[in-house]
Amino acid sequence: MSLRFFNTYSRQLEEFTPRDPTSRKIDIYTCGPTVYSRAHIGNFRAYMFEDLLQRHLEARGYAVHRVMNITDVDDKTIRGAREAGIPLAKFTEQFKQAFFEDIETLRIKPADEFPAATDQRYIDKMIAMIETLMSRGLAYQADDKSVYFRINKFPNYGKLAHFDLSELKPTGRVRHDEYDKEHIGDFALWKAWDEEDGEVGWDSPWGRGRPGWHIECSAMATALLGDQIDIHCGGVDNIFPHHEAEIAQSEGVTGKKFARMWLHCAHLLVDGQKMAKSLVNFYTVPDVLAKGYTGRELRYALLRVHYRTQLNFTWEGMHEARESLERIDDWLMRLRECGASFQPANSGSGQVENLPHNFDDALDDDLNISAALGFLFETIRETNRAMDVDELEAATANAWLSWWERINRVLDLEKETADAIPPEISRLADERARARAEKNFARSDELRDQIAALGWQVRDTKDGQKLARRRT
RNA sequence: GGCGGGGUAGCCAAGUGGUAAGGCUGCGGUCUGCAAAACCGCUAUUCGCGGGUUCGAUUCCCGCCCCCGCCUCCA
């Protein structure tokens, strides 16, 4: 099956082909966080989708070069810094750090580059792009000294969102400049300095000011990836106006098609509603950890629903994630024991080449993770059944382990580490083994309870006791 | 109003023009000293509603209802 994705631009599933068909290298640009507060789990749902996209493309043999921007100057960061009474860079730094901590907790692969909007290199690039747009009549400086993009000069504006521009009307969400612009839809490329900006500002041919939000992505994407990129991703809310503006700016400067494919992730809801700070349903990664869940469990919860479907986050869903992962953990433990059970006489460990590719094929189909996980769990049941009746050969078990290692490079869901058994637990377990040898089941059960109270679970198998860490 | 996404068992969620994957939960069973885990069975004659096309539709077409999102700086 060929790789295909739903392209927002065409609203259709399209076969994915890299822009350079002779190489396996592809470039992806993903919109990153605005560092004015700690990112919430909804933000990470989008980054999780991008992680899955990258990992699957890599599993299919592509060398992915991915850039994620960090927006560290905008209205909210400036306001936050002012209210905190500290410089902008110092204010945003804490949230940049928090962001990197969180993606590590969630095992999201870091992008190859995380350009920041305030980097002078990109400020220069933004100014250069705006100058080009001005020279082509695609931008103008208004009476308020800010520079705007003239959307009427860019016929494709609105194509990505499929919006009719004549329908654009003011919503009152914009702070100012309604009266200075030629068209209500014209967006700021360069914002003239005003008092609220304080120390924040850069000199430009149009006076002191700061970049508009959209231009930074166009500048950083083209600076790092060239005039054209293979895939551009973000949340659905970015489609309009942000990505529309990016297309207008980038193509207005380069004259080339900016992105070959646009992929957008649906929103995360909490208890059926949009997450909002005003409601009590606003969660960050640390909030979820504080409830006793692990990053891995949250990763599973965010990963398991198709990216174009709204994902309803609930604590019941977190519980489901935990239980599903334990099923995988137990399966792996069993497979490993089975695989190590004897050395096959004629080595030739496993028939990996015969294992099904359903998992990868499902992901080829617009990242159908639900179907992919379905195959995983079917496999788990079938191999468990074989192990129950001692009919799974060690070589086959090892082959399935190899298969798991392959798909786990995409899922990255394996338990952190094999938990070391603490001496105290070992001691109790040994004592319990002695009690059991003497058929002293009362003592055995008592010790099992003690072990459980310490967060461990003991299971009796035909090979003796098995200890496992349990978080529930 | 415009533009999207979606309505499948208690919950989450795949899927196909030919009669409904998988996960979680619950119940019953096998195994176990008892558990746990695993396995087996049961939980949608039915896929928002009404028509139509078809030998046959949940899947295609038409109409309707409902939910969610976007419509200028929110992933």
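Lettering of chains follows the sequences in order, A, B, ..., and the numbering in each one begins at 1. These numbers come from the heavy atoms of this one structure, side chains and all, not from hydrogens, waters or symmetry mates.
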Can you tell me which nucleotide in [options] comes closest to the side chain of [X]?
{"X": "A:Arg381", "options": "B:A35, B:U72, B:G22", "value": "B:G22"}
{"X": "A:Asn368", "options": "B:U25, B:C68, B:G15", "value": "B:G15"}
{"X": "A:Asp445", "options": "B:A13, B:C34, B:C74", "value": "B:C34"}
{"X": "A:Asp365", "options": "B:A21, B:G15, B:A13", "value": "B:G15"}
{"X": "A:Lys181", "options": "B:C71, B:A38, B:U72", "value": "B:U72"}
{"X": "A:Asn43", "options": "B:C74, B:A13, B:G23", "value": "B:C74"}
{"X": "A:Arg459", "options": "B:A75, B:C68, B:A36", "value": "B:A36"}
{"X": "A:Phe187", "options": "B:U72, B:C70, B:C68", "value": "B:U72"}
{"X": "A:Asp460", "options": "B:C24, B:A35, B:G4", "value": "B:A35"}
{"X": "A:Phe240", "options": "B:C39, B:G4, B:C70", "value": "B:C70"}

Legend entry - Intermediate values then yes/no, ring-ring contact (aromatic ring centres under 6.0 Å, His included), A:Phe258 and A:His232: CA-CA 9 Å; A:Phe258 179 49; A:His232 193 129; 5.8 Å; yes

In Watson-Crick or G-U wobble terms, both distances under 3.5 Å, what is the partner of [N]?
{"N": "B:U58", "value": "none"}
{"N": "B:U46", "value": "none"}
{"N": "B:C31", "value": "none"}

Legend entry - Neighbour count above 12 (heavy atom, 6.0 Å) for A:Lys153 NZ: no

Legend entry - Flag if over 12 foreign heavy atoms under 6.0 Å of CD, A:Glu382: yes

Inset, instruction - Output yes when a side-chain donor or acceptor of A:Asn384 lies under 3.5 Å from a complementary backbone atom of A:Arg381, and no otherwise. - result: no

Inset, instruction - For A:Arg304 and A:Ala321, indicate whether the former's side chain and the latter's backbone hold a donor-acceptor pair under 3.5 Å. - result: no

[atom1]-based separation of [M] from [N] [nearest Å]:
{"N": "B:G5", "M": "B:G15", "atom1": "P", "answer": "15 Å"}
{"N": "B:G51", "M": "B:A38", "atom1": "C1'", "answer": "49 Å"}
{"N": "B:G7", "M": "B:C31", "atom1": "C1'", "answer": "42 Å"}
{"N": "B:U8", "M": "B:U46", "atom1": "P", "answer": "16 Å"}
{"N": "B:C11", "M": "B:U45", "atom1": "P", "answer": "14 Å"}
{"N": "B:C34", "M": "B:C24", "atom1": "P", "answer": "25 Å"}

Inset, instruction - For A:Gly234 and for A:Asp330, find the nucleotide of RNA chain B with the closest heavy atom, then tell me which residue's nucleotide is more 5'. - result: A:Asp330

Legend entry - Closest-nucleotide ordering on RNA chain B, the 5'-leading residue of A:Arg385 and A:Ala46: A:Arg385

Just checking [X]: base, sugar-phosphate only, or nothing, at a heavy-atom cut-off of under 4.0 Å?
{"X": "A:Val458", "value": "base"}
{"X": "A:Leu376", "value": "nothing"}
{"X": "A:Gln457", "value": "sugar-phosphate"}
{"X": "A:His214", "value": "nothing"}

Inset, instruction - Among A:Arg107, A:Arg296, A:Arg336, find the residue that satisfies the salt bridge (charged side-chain N to carboxylate O under 4.0 Å, His left out) test when tested with A:Glu414. - result: A:Arg336

Legend entry - A:Arg327 side-chain N/O to B:A38 phosphate OP1/OP2 under 4.0 Å: yes

Inset, instruction - Look at the side chain of A:Glu378 against the base of B:G22 and say whether a donor-acceptor pair falls under 3.5 Å; ignore hydrogens and angles. - result: no

Legend entry - ring centroid sep under 5.5 Å plus plane angle under 30, A:Phe441 with B:G33: yes

Inset, instruction - Evaluate side chain to side chain contact (heavy atoms under 4.5 Å, CB included) for A:Thr314 paired with A:Glu320, printing each intermediate quantity in order. - result: CA-CA 10 Å; A:Thr314 61; A:Glu320 182 181 326; over 6 Å; no

